[in-house]
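Down below is the structure, laid out as structure tokens.
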Amino acid sequence: MAETKREVERKYESEDSGLPDLTGVAGVAAVLDKGVAHLDATYYDTADERLAASSVTLRRRTGGSDAGWHLKFPVAPGVRDEIRAPLSDTLPDDLAGLVRSRVRGGELLPVVRLRSDRDVRHLVDADGRLLAEVSVDAVQADRLTAGGGAAQWTEIEVELADGGDPAFLDTVEKRLRKAGVRPSASASKLARALAETAPPEQRASAPAAEPVTAADHVLAYVRAQRDALVELDPAVRRDAEDSVHSLRVATRRLRSAFKSYGEILDRTVTDPVGDELKWLAGELGLDRDREVLTERLTAALDEVPATLVRGPVGERLHTWARTEHGGARSRLIGVLDSRRYLALLDTLDALIADPPLRKAAGKKPRKPIARAVKKDFRRVAGLVERAVELEPGTDRDVAIHEARKKTKRARYAAEAARPALGKPAKDLVKSMKALQTLLGEHQDSVMARQALRELSAVAHAAGESAFTYGLLHEREEQRAARVETELPGFWDGIKNGAAGL
């Protein structure tokens with residue numbers, strides 16, 4: 001079974017100066033010599049080093065106190081989540097799933113072997129509590145793929161103790177810098193090993209060019225969302241908070257970009273990709289919708305006085321949410337492991353590598369991008385104004401929901417346009433986000449009422465009172481009515497503010 005550890009550490013060059021005396025560091029009562037550990041790690045990646053390109057490391061290591069398989073994902077500079085699995089001859093299934101969005105049909109190969117003699121010190125406070133582990137690592141790196149070389153270096157690594165204050169690392173660094181020790185230029189041992197042992201033709205790739213044409217701007221946005229899909233996949237598999245929602249948003253942003261910028265990217269090519277993105281968003285939505293409804297209904301029930309709660313409403317809601325979540329998660333992991341999903345990722349890669357450009361793609365960005373944004377805004381305007389004119393009821397509910405979906409599309413189009421259009425696009429993002437929130441409150445009420453009717457029917461069949469479900473249903477109707485009353489004035493403000501778009 002894999003376990004996760006948040007790793008907060010800093011690395012330093014140590015070619016000549018070695019480890020200075022750290023007994024004078026504030027808060028350190030003693031520096032304990034823990035001896036030398038001999039570590040032997042083989043790092044795995046695809047032949048084109050997809051994991052390394054994302055700053056993800058996968059290794060099988062022997063020696064030390066944590067021998068086994070280690071998979072590390074970047075969180076922030078100097079911060080990584082390390083997922084550990086017991087030592088075995090083959091990659092554990094849990095870890096294989098977490099790299100699948102990057103590896104897909106590729107083969108994981110041993111690319112680098114790192115052997116380190118690690119001289120370990122523990123920095124402890126007056127109570128003997130561990131503050132940080134400091135090690136001096138003498139590293140031997142060997143490239144295991146054809147044409148590679150070898151490298152050697154020594155580095156100092158300072159890793160914060162679990163639950164420690166990151167500010168302590170600043171204190172240690174001040175002492176190290178005073179002694180002439182400088183931060184490492186490489187983020188990890190693997191990054192340095194790959195750089196120093198690579199064949200000459202693989203070194204020093206050129207930096208990405210600044211966007212110039214309309215296509216450059218749109219493709220930069222598309223590329224960012226593709227990257228988000230790949231990077232969020234492991235978080236969804238680990239059931240990280242808000243990961244499903246974030247992944248769904250990335251799919252929607254991609255699909256919206258293809259629809260909005262059809263003057264730049266040929267829709268005869270992108271529409272089939274958009275259909276697959278719609279499928280993925282729908283699969284993700286089953287879990288996300290359950291999360292939203294659970295939070296909403298739980299909060300609503302908490303506001304009901306105890307004297308008005310008839311029957312085991314809270315317990316039934318909890319059981320319903322747990323059952324829905326369990327089934328949805330199992331299904332969702334199946335989706336992420338499916339050929340259809342992995343083929344979609346491959347298709348996005350191919351589209352970005354060889355985009356289906358139209359005539360406007362090579363033009364200066366402002367005019368074609370502005371046209372796309374204005375077109376999406378006009379579509380929102382028509383839908384909102386139609387919804388306002390309708391009588392309350394199912395038809396208005398449907399119209400508001402359609403307006404909400406097109407508002408998202410206009411918001412995402414404006415997001416993509418910000419580097420090219422500047423403040424007008426930024427302002428439109430803000431107003432569309434506000435409108436989306438208002439219309440979303442209405443749609444959430446529609447969905448909550450549907451769930452309450454289902455829960456009420458189940459409770460009634462079990463011989464329980466349906467009174468509280470009816471009360472909650474009435475409150476949801478009132479919330480929706482307030483949105484409908486507020487919408488005309490709210491929209492007038494947005495429309496007037498967008499006059500200069």
Side-chain angles (χ1 to χ4, degrees), residues 53-54 205-232 246-278 280-281 344-381 405-433 435-436 494 497-501:
S54 301
S205 58
E210 289 294 318
V212 175
T213 65
D216 290 338
H217 283 270
V218 173
L219 288 171
Y221 187 77
V222 168
R223 190 177 298 108
Q225 305 316 314
R226 185 278 314 273
D227 292 347
L229 287 183
V230 172
E231 291 165 7
L232 286 164
S246 297
L247 187 59
R248 191 184 190 191
V249 169
T251 43
R252 284 176 163 170
R253 281 177 167 143
L254 264 174
R255 185 165 176 254
S256 293
F258 291 150
K259 286 183 174 292
S260 296
Y261 293 105
E263 185 182 350
I264 295 166
L265 299 178
D266 188 349
R267 287 193 57 177
T268 63
V269 176
T270 62
D271 276 358
V273 184
D275 290 342
E276 291 302 283
L277 289 165
K278 181 180 181 181
L280 178 58
L344 170 59
L345 296 182
D346 285 338
T347 300
L348 289 170
D349 286 352
L351 188 148
I352 291 169
D354 184 18
L357 302 179
R358 299 190 66 198
K359 186 177 180 180
K363 294 182 178 180
K364 292 181 179 180
R366 176 168 289 277
K367 287 185 178 180
I369 287 178
R371 279 196 298 270
V373 173
K374 289 176 182 178
K375 184 177 179 180
D376 280 346
F377 182 78
R378 288 195 297 270
R379 187 177 286 109
V380 172
K405 290 192 290 185
K406 294 303 185 289
T407 299
K408 287 183 181 180
R409 177 170 159 181
R411 171 188 169 186
Y412 299 149
E415 283 180 354
R418 282 182 64 175
L421 303 185
K423 188 176 186 300
K426 180 181 178 181
D427 291 344
L428 185 60
V429 170
K430 184 178 180 180
S431 62
M432 290 296 96
K433 185 176 182 180
L435 179 60
Q436 179 186 329
I494 288 177
L501 183 66

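The structure places CD1 of I494 at 12.0 Å from CG of D427, a figure rounded to the nearest 0.5 Å. Here the straight-line distance linking atom NZ of K259 with atom OH of Y412 works out to 14.5 Å at 0.5 Å rounding. From K426, atom NZ reaches atom OG of S431 across 13.0 Å, with rounding to the nearest 0.5 Å. Taken from CG in L229 to CG in L247, the straight-line distance is 5.5 Å, to the nearest 0.5 Å. The NZ atom of K408 sits 11.0 Å away from the CZ atom of R253 when rounded to the nearest 0.5 Å. The structure places NZ of K278 at 11.0 Å from CZ of R252, a figure rounded to the nearest 0.5 Å.
Counting heavy atoms from C-beta outward, L357 and L265 have side chains that approach closer than 4.5 Å. Looking at heavy atoms from C-beta onward, I369 lies in side-chain contact with I264 at the 4.5 angstrom threshold. Contact annotation: the side chain of P356 approaches that of T270 to within less than 4.5 Å [non-hydrogen atoms, C-beta and beyond].
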**Request:** Apply the test side chain to side chain contact (heavy atoms under 4.5 Å, CB included) to residues M432 and F377: give CA-CA distance (whole Å), side-chain angles for both, the deciding distance (0.1 Å), then the verdict.
**Result:** CA-CA 9 Å; M432 290 296 96; F377 182 78; 3.9 Å; yes

**Request:** For side chain to side chain contact (heavy atoms under 4.5 Å, CB included), just list the numbers for L348 and L351, CA-CA rounded to whole Å, side-chain angles, deciding distance to a tenth of an Å, and then say yes or no.
**Result:** CA-CA 5 Å; L348 289 170; L351 188 148; 5.6 Å; no

**Message:** Run F258 and L277 through side chain to side chain contact (heavy atoms under 4.5 Å, CB included) and show every step you take.
**Reply:** CA-CA 11 Å; F258 291 150; L277 289 165; 3.9 Å; yes

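Classification of R379 and D376 as a salt-bridged pair holds, one side-chain N sitting under 4.0 Å from a carboxylate O. Between R223 and D227 no salt bridge is recorded (no basic side-chain N to carboxylate O distance below 4.0 Å).
Between A372 and S260, the shortest heavy-atom distance links the atoms CB-O, 3.3 Å. Closest non-hydrogen pair, A257 versus V222, comes out as CB-CG2, 4.3 Å. Here the shortest heavy-atom pairing between R366 and L421 reads O-CD2, 3.7 Å. Here the shortest heavy-atom pairing between L344 and E276 reads CD1-CB, 3.8 Å. Residues L254 and Q225 come closest through the heavy atom pair CG-CB, 3.4 Å. Between E263 and A360, the closest heavy-atom pair is O-CB, 3.4 Å.
When atom types are taken as modelled, the side chain of R358 and the backbone of D266 share no donor-acceptor pair closer than 3.5 angstrom. In this structure a side-chain-to-backbone donor-acceptor pair under 3.5 Å is missing from R226 to D349. Counting only distance, with no hydrogens or angles, the side chain of Y261 and the backbone of A413 share a donor-acceptor pair below 3.5 Å.
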